[in-house]
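Written below as structure tokens is the structure these notes are about.
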Amino acid sequence: MEPPVPLVTEEMVELYRELSGHPVLSTASLGPDVTTQYGGKYCSLSTEWLQRDLARAENIRFCRQYLIFHDGASITYSGPTGTCSEIKGELLSQESPSRALKAVLRKVSSKEKKEKQFLEVWDQSRKVKSIDLTALDKHGSIYDDDEFGCLAWSHSETHLLYVAEKKRPKAESFFQRKELRVSDEDMEQPKKEDEPLKGEQFVYHEDWGEMLSTRSVPVLCVLDIEGSSISVLEGIPDHLSPGQAFWCPDDTGVVFVGWWHEPFRLGLRHCTNRRSALFYVDLTGGSCELLSEETKAVWSPRLSPDNCRIVYLENDAMGPHQQCSRLRMYDWYTEETSTVLEVVPRQVWGAFPGIYSMLPGLCWAADSRRIVLDTVQRSQQDVFVVDTVTGATTCLTADAPQGCWSVLTIDQNILVASFSTPSCPPALKVAMLPEAGQEAQVRWVCLQDASPVPNISWGIRTLQPPPEQENPQYAGLDFDAILLRPSEGPAAQKPPLVVMPHGGPHSVFTAGWMLYPAALCRLGFAVLLVNYRGSLGFGQDSVASLPGNVGTQDVRDVQLCVERVLQEEPLDASRVALVGGSHGGFLACHLLGQFPDTYHVCVVRNPVVNIASMVGTTDIPDWCLTETGLPYAPDALPDPAQWTEMLHKSPMRYVDQVRAPVLLLLGEDDRRVPPKQGLEYYRALKARGVPTRLLWYPGNSHALAGIEAEADGFMNIALWLSKHLRC
């Protein structure tokens, strides 16, 4: 008989089950306006949500419909219609320009349990077309990721554009026996194009790294809906990998982002610094034309409703993986490119903070002049409207509650957004975008509210490094931290502190809903989320200040924040823990060794512990040199001094000083920070007698985002902290 589960464990399980059940908004789409017999207008809103299903151990998607009544200037009434329904098998979906049709890419398991892909076309009453793409065998799997993927209707609504893996020739062993030819006529037949290639079974095919291991050679494909035929577009240079494509205004060609992949591919996910540009390929002549600068990194192109202008984001190629982006605009008819918004050196309240994430799929206002976007502003996320002609910006959430605002879509000036805070799961908000010059009068209406999670209080604090810790090249930079703490009960008196620095390092914690911090707070821990110098949302100077200073500047920022919070807040300084993943794990391991008297237990997920040993195994070797402060070139090998510098900046340098118990969580399929990094640290700790435990998650990559791994990880983290902090 199995031993009974301790009561405290059962309480943790039920708490996690409750909090993980809160859904988050994924996408939204608006239907056409309908005019009532009384002259009023309304439209439908379809939303997709993601929810963890612990019983099925998977993320499920479901849709919910709403009606929005408006008078063209404001929302007069809104509310849900019907109940939720699960979405199964959908990889991509897109409504046609007239909204009369909808295309759906669906995966289906056949009777032989082989996965097949179908492209379906639906009208308002039924499915009118279902095309078996797998059976047509023109290409490999269709891409449904955010980096390359797209599903775009032609303006005539007769063709669909998408990205798929290039069809790879079949291969077989040198020793595969052939069927005997039965006649001289057979002997004279030419070799078939699809005849397997001998000895090609084990040829290595490069891919695009973390979460894109099945992406190697993307191709642009066009489906003729009426004829159910597929064409793979020609004319794209061999040194480019295309993605994020859409039709040009007259349907005679396609605009796409092309990434250079020579001499070899580097990891692309969360790397907006990869050399790329905007291109146009002519469908009739097959010529390919460069539309943007070829020495930059380009992403997130969006065509205006009047089909005249394309806005896109531009970064410097290489350097930090995430940066503050320029907003650029290409005029289709004058062929001129202008800069709408420049890179912002430093964030200033009341001014535009810069752009740090992709543009919404639909971002243009009805006037084809303004766009709407969300962006990080220090430790919160806000919505802005940008005039692409003048570059003027207005914050649309300046008078709204502080937290994390994300734009889902805008259509005919109806704006749909998600809003959450560290103590409140995502809610659905809508607003009418006012006329130009009156944007500050925007009024948000809640369509789907979310109940705040009880017993969590939170706030944002700003810290200024002391003079001796200033970066002389970027003096005057400050940084933030978000503190969550129990708001009532015995735990609120003097709770233990869990310190969480984020990964990246050029990332950021925003004041939005996060499952782990909320759950830990409900268990009685205060949680400190540190946005050290180098985080996004504070301006490009903050980003640029960190490369070359990892292991010192970021470590000192976190330690300063911890010491300050312990001085100013009623927290238990004898019970302080570290929890971090990726570069957050790098910082946690540094802090354990550099400040062993401060921290009493640690949990790290896929941590960077030795930059020198990581450079040859990761999908982002450029990261290792850039963050160390060294130049990166694909054909350059680090010299002994550079190897020494990488090791010098690594947490492994301080492993002899580590005393606190360490729990490691490693993803077997992690391409970004390969699990050998964690194993290296595990063995070093074991050899030094430090209490250590390692959890190994097959089928999980860098984020450990599998439902089972995420749930098991939380339980083990909570139990490890409780055990070693005597909770």
Side-chain angles (χ1 to χ4, degrees), residues 91-92 94 103 105-107 115-119 131-154 158-171 193-194 197 200 203-209 211-225 227-248 251-269 274-291 294 298-301:
L91 300 177
L92 292 170
Q94 186 65 51
L105 172 66
R106 194 181 305 277
K107 64 177 180 180
E115 190 174 284
K116 304 181 75 174
Q117 291 187 327
F118 289 81
L119 243 179
I131 300 166
D132 187 343
L133 300 178
T134 307
L136 291 177
D137 197 27
K138 291 287 187 178
H139 51 67
S141 295
I142 295 181
Y143 289 15
D144 61 338
D145 54 80
D146 292 332
E147 285 73 25
F148 292 102
C150 66
L151 183 59
W153 284 89
S154 63
T158 57
H159 294 77
L160 284 164
L161 171 69
Y162 56 90
V163 181
E165 181 67 21
K166 184 177 181 180
K167 184 179 178 180
R168 193 172 292 170
K170 296 178 182 177
E193 288 185 8
D194 60 351
L197 301 175
E200 297 287 317
V203 171
Y204 173 67
H205 297 278
E206 292 179 17
D207 59 55
W208 288 92
M211 297 298 291
L212 298 171
S213 59
T214 60
R215 313 309 197 227
S216 180
V217 184
V219 290
L220 298 180
C221 304
V222 173
L223 171 69
D224 181 333
I225 297 172
S228 299
S229 61
I230 297 173
S231 302
V232 177
L233 297 192
E234 299 179 351
I236 298 172
D238 291 340
H239 65 275
L240 295 177
S241 288
Q244 298 184 24
F246 56 90
W247 296 87
C248 73
D251 284 348
T252 59
V254 168
V255 178
F256 66 92
V257 176
W259 286 267
W260 274 257
H261 54 237
E262 297 294 346
F264 49 80
R265 291 160 176 79
L266 292 171
L268 186 59
R269 189 167 182 84
R274 300 293 179 230
R275 185 187 174 194
S276 50
L278 205 60
F279 293 88
Y280 164 74
V281 61
D282 190 321
L283 297 186
T284 54
S287 61
C288 190
E289 179 185 347
L290 179 70
L291 302 182
E294 63 177 344
V298 162
W299 53 306
S300 209

Seminar exercise, completed: Rounding to 0.5 Å, atoms CG (D132) and CD (Q117) come to a distance of 10.0 Å

Seminar exercise, completed: Here the pair of heavy atoms bringing A245 nearest to A152 is O-CB, 4.1 Å

Exercise. What is the minimum heavy-atom distance between W208 and S241, and which atoms define it?
Worked result: CZ2-OG, 3.4 Å

For this session: Using a 4.5 Å cut-off on heavy atoms from C-beta on, say whether the side chain of F279 contacts that of P237.
Result: no

Seminar exercise, completed: In this structure, OG of S276 is separated from CG of L240 (nearest 0.5 Å) by 10.0 Å

Exercise. Is the backbone of S216 close enough, under 3.5 Å, to the side chain of E165 for a donor and an acceptor to pair up by distance?
Worked result: yes

For this session: Work out which heavy atom in P242 is nearest to a heavy atom in F148; give both atom names and the distance.
Result: O-CD2, 3.4 Å

For this session: Heavy atoms only: give me the nearest I131-L223 pair and the separation to one decimal.
Result: CD1-CD2, 3.6 Å

Problem set entry | Under 3.5 Å donor-acceptor, T134 side chain and K116 backbone | no

For this session: Could you label the plane-to-plane angle of the W260 and H239 rings as parallel, tilted or perpendicular, counting under 30° as parallel and over 60° as perpendicular?
Result: tilted

Problem set entry | Contact summary for E294 and R275, nearest pair of heavy atoms | O-NE, 2.8 Å

Problem set entry | Separation of C150 SG from I142 CD1 (nearest 0.5 Å) | 9.5 Å

Problem set entry | Residues which pass salt bridge (Lys or Arg N to Asp or Glu O under 4.0 Å) with D137, listed by chain and number, not counting sequence neighbours | K167

Seminar exercise, completed: When every non-hydrogen atom of G140 is compared with those of A164, the smallest separation belongs to O-CB, 4.0 Å

Problem set entry | Residue pairs involving residues 256-269 (criterion salt bridge (charged side-chain N to carboxylate O under 4.0 Å, His left out); sequence neighbours excluded) | E147-R269, E206-R265

For this session: Answer yes or no: is there a side-chain heavy-atom contact under 4.5 Å between V222 and L233?
Result: yes

Exercise. Side chains of W153 and I225: does their closest heavy-atom pair fall under 4.5 Å?
Worked result: yes

Problem set entry | From CA spacing to verdict: side-chain contact (heavy atoms from CB on, under 4.5 Å), I230, Y162 | CA-CA 11 Å; I230 297 173; Y162 56 90; 3.3 Å; yes

Exercise. Are the side chain of H205 and the backbone N or O of R215 linked by a donor-acceptor pair below 3.5 Å?
Worked result: no

Exercise. With side chains defined as the heavy atoms from C-beta onward, is the minimum distance between V219 and I236 less than 4.5 Å?
Worked result: no

For this session: Check for a donor-acceptor pair, side chain of E289 on one end and backbone N or O of Y280 on the other, with a separation under 3.5 Å.
Result: no

Exercise. Can you find a pair of side-chain heavy atoms, one from V163 and one from L220, that are under 4.5 Å apart?
Worked result: yes

Exercise. Is there a side-chain contact between W247 and L283 (heavy atoms, below 4.5 Å)?
Worked result: yes

Exercise. Given side chains that start at C-beta, do those of F246 and P301 come closer than 4.5 Å, heavy atoms only?
Worked result: yes

For this session: Would you give the length of the straight line joining atom CG of D144 to atom CG of L91, rounded to the nearest 0.5 angstrom?
Result: 5.0 Å

For this session: Check whether more than 12 heavy atoms from other residues, nucleotides or ligands sit under 6.0 Å from atom CD of E200, and answer yes or no.
Result: yes

Seminar exercise, completed: dist L133:CG -> K138:NZ (nearest 0.5 Å) comes out at 12.0 Å

Exercise. Does the side chain of M211 reach to within under 4.5 Å of the side chain of D145, using non-hydrogen atoms?
Worked result: no

For this session: Enter the distance from S213:OG to D207:CG here, rounded to the nearest 0.5 Å.
Result: 6.0 Å

